[in-house]
Amino acid sequence: MRIIMKVAAISILAMMAPAASAADQVEIKLQRFFGACDAQFGTNTDVSKAVGECGIITSLINKFNASNPDIHISVTNVEWPGYDQLNAQFAAGDPPDIVTVHESALSDYQTKKLLMPLNDMLKTVGITPDQFTEAAQVGATKDGKLYGMPIDTWSELFHINMDLFKKAGLVNADGTPIFPKSPEELIAQAEQFKAKTGKPYFVLSLANETALYMRDLYTYLFQQNSAFFADPKHIKLTTPEAKRFVEMYKTIFDKGLTTKNLDYSAALNAFLAGEGGVHLNGTWVVGDYDAQSKTPGTALNKGGYEVYPYPQLFSGAHQQYADGHTWAVSVKQRTAAQSEAIAKFLKFYFDNDYEWARTGHLPSVQAVLDSDKFKALPHRSTILAVAKLGHPLPSQVQRQFALQDIIGEEIGAAVTGQKPVDAALSDAEKRVNDLLGNL
Amino acid sequence: MSPARRRPRPIGSDWRNALFVAPYLFFFLALLVFPLFWGIWLSFHKADTFSDGPFVGLANYIRLFNDRVFLQSIWNTFYFVLLTVPTLAIVGLMLALALNSSSRLATVLRSLYFSSSVLSVTIVTLIWRIVFVPQFGLLATIYGWFGAEAPAVLSDPNLAMIGIALTTIWWCIGLPMMLFLAALQQIPVDIYEAAALDNAGWWRTLISITLPSIRRTFVLVLIIQIVLQFQLFGQSWLLTKGGPNNLTKPIVLYIYETAFRRWDVGLGAAASEVLFALILIAAMMQYLTSRRQEES
């Protein structure tokens, strides 16, 4: 009987041992977008082998978990941008600890006191705001404090099929593409391109898409020094500058200088299939397009692939709209161990900013941006300029994702001829101001 | 034992019987009645996702009816209901009439026609995106065989809603067909035998026997479909995001954008109440009209 009791006691202790170590582990809930790729990278901890946003972020988190047995980051993967789910979690009082938030969306949560200012937490692990690039600091700072740890800066870019550009005679003697310097030159070059290649100059995702219109509007308004958000609660779009932008895109559309009726994924596939010269898309596809250009038999492999910031078409400031991703931390009751674990994770991501920058995004850490290692990555010499040209909306402008829908809908209607340009701009202005006036 | 003692007690006299309906009643009150009244209360407040805000009276309703996008979404919803409900009822009835037999082929076809109904809206819209996508889609391929260019269904202002209606009819046709089949199988065979003895042809039998016998089911199908199709959301959101130029934005998508993407919960609640009233009126009108016809 005594032996049986001993065996039973040992068995119970043996069962409790792993339970005890699991209980010691600090559990941190992390929520992110950037897609799912568990089949390919679900267990990968060698970050150098990972490619693309999803591959790199998944591998980084795996590596953190593997090298910190006392901490477990449990990941919830949400569909981009994931704010509906995050709102519901905040409303229910059960937000994740760490969450991906765009710099343009930080104000929405910061004004509701749902996110922690991170300066003090970052200081405990030796990170200070001045270590970030200026673009990253401006984007993530609200009321003088960092409300998210910036992990990158991203922007729309001119992705170029060099084979078609050569055929169109739009290449300089040094092999670089020729860019327009005014809206008139843009139309003339696009017409020349179409005449010589039989294909449209632009490959744009215009079918029921709103993001591109909004980002390009902001970019070309910056380039005209338009103070369209002089007051963060009022937008001014019934201006000659905004009209000039819409009319430029309408001319491109009417003259067939762009693909039509393609949504985001169809436009991406059309560019990879060599259906046009310039694809307007973000920094996040640089890595994938570069890989395509190195694959024999692809359209981008024929004559090469190049990528540049937007050309300066107007006489104002040389700027383009930029945003960035951050890790934000929710306001929540936490133990000291949990706060330490979060700080440790943020430091880990900060230290691995180079790996994240391999996606094509520009690094948020100034030292990485300045490093030879980063500059040696493909195409960084051309897109590096975005770090200086990149310009967000004023940080007090709220509901920027909702504004994107409104502005994109109205400009899309004007460009495709479903609404007069003046009416579309007037409606966009009215709708945006109604939204911002009723916060 | 006396006969009086054997008589069972009337069911309604014991309050404990209410326990049988209590679980349902709890969920009905908690998940339907309470949100309904809470929604009405919110519609009179300047509420956002994280706070109830001050009382604003009818201000949300005034904003709503001054919003051209909302008025457009009401028209879009009615247009969609008009495109889908009669088609679902008529095609569902035709399929049921064609497949109302015990042959093996009819059984297989019944399963086939119903199979689309079990799919989620995500799968359904994915399938139809593959059909509609320009250049690479099924429609583009078929048009390509004849050297023609396929219409851009999902970005054409005249075709986008028709594309969504087509997707919805393909998805939802199973339920009306099954309801009609069930009704057809309830009609006594001897009526058809009597009609056959009177030399009534197929058309006469359909008009004089089949259709009057399934009249109630027809009304039921119409009411169910009106209520369902008024709530269009997933197909529009996943296929067109309400575009082009808000022409496929139904009321539910307007509510979603307003309440969840713009955090304007008060305005979204007001739009929800308008939708509730519209569905109620449409369903009641349909019900009262059919009842009046029956009485006359």
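Order of the sequence lines fixes the chain letters, A, B, ..., with proteins taken first and strands second; residue numbering starts at 1 for each chain.
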Max heavy-atom pairs within cutoff under 4.5 Å with chain A, candidates B:Ala160, B:Pro157, B:Gly242, goes to B:Pro157
With a 4.5 angstrom heavy-atom cut-off, could you sort out which part of A:Lys419 is near chain B: side chain, backbone, both or neither? side chain
If you count heavy atoms of other groups shown closer than 6.0 angstrom to NZ of A:Lys302, is the number above 12? no
Within this structure, what is the OG1-CG distance for the pair B:Thr49 and A:Asp108, rounded to the nearest 0.5 Å? 9.5 Å
Say whether, by atom type as modelled, one donor and one acceptor occur between the side chain of A:Arg399 and the main chain of B:Arg262 under 3.5 angstrom. yes
Report which part of A:Asp263 has an atom under 4.5 Å of a heavy atom belonging to chain B: side chain, backbone, both, or neither. side chain
If you count heavy atoms of other groups shown closer than 6.0 angstrom to CZ of B:Phe276, is the number above 12? no
I need the residue from B:Leu154, B:Thr240, B:Val133, B:Thr248 with the largest number of non-hydrogen atom pairs under 4.5 Å to chain A. B:Thr240
Can you establish whether the number of heavy atoms outside A:Lys260 located under 6.0 Å from its atom NZ is more than 12? yes
So, taking the atom named NZ in A:Lys430 and the one named CG in B:Asp67, what distance separates them when rounded to the nearest 0.5 Å? 10.5 Å
Does A:Thr210 reach the side chain of B:Lys241, with side-chain heavy atoms less than 4.5 Å apart? no
Would you say that more than 12 heavy atoms from the other residues, nucleotides or ligands in this model lie under 6.0 Å from the CZ of A:Phe229, or not? yes
Residue part contacting chain A, namely of B:Ser51, when any heavy atom lies under 4.5 Å: side chain
Heavy atoms of other groups near B:Phe50 CZ, more than 12 under 6.0 Å: yes
Strictly less than 4.5 Å between heavy atoms, which residues of residues 26-43 of chain B line up against chain A? Please order them by number. none
If I take atom CG from residue B:Leu247 and atom CD from residue A:Glu409, how far apart are they, to the nearest 0.5 angstrom? 10.5 Å
To the closest 0.5 Å, what do you measure between CD1 (A:Ile406) and CD (B:Glu257)? 8.5 Å
Atom group of A:Phe90 that falls short of 4.5 Å from chain B, counting heavy atoms: both
Is it the case that more than 12 heavy atoms not belonging to A:Lys29 sit under 6.0 Å from its NZ atom? no
Quick check on the 6.0 Å ring-centre criterion: do A:Tyr109 and B:Trp263 meet it? yes
Between A:Leu114 and chain B, which part of the residue has a heavy atom less than 4.5 Å away: side chain, backbone, both or neither? side chain
Heavy-atom distance under 4.5 Å to chain B: side chain of A:Asp84, backbone, both or neither? side chain
Pick one of side chain, backbone, both or neither for A:Asp405, based on which atoms fall under 4.5 Å of a heavy atom in chain B. side chain
Side chain from CB out, backbone as N, CA, C, O: work out which of these in B:Leu267 comes under 4.5 Å of a heavy atom of chain A, or both, or neither. neither
Atom of A:Asn261, atom of B:Ser155 and distance for their closest heavy-atom approach: OD1-OG, 2.8 Å
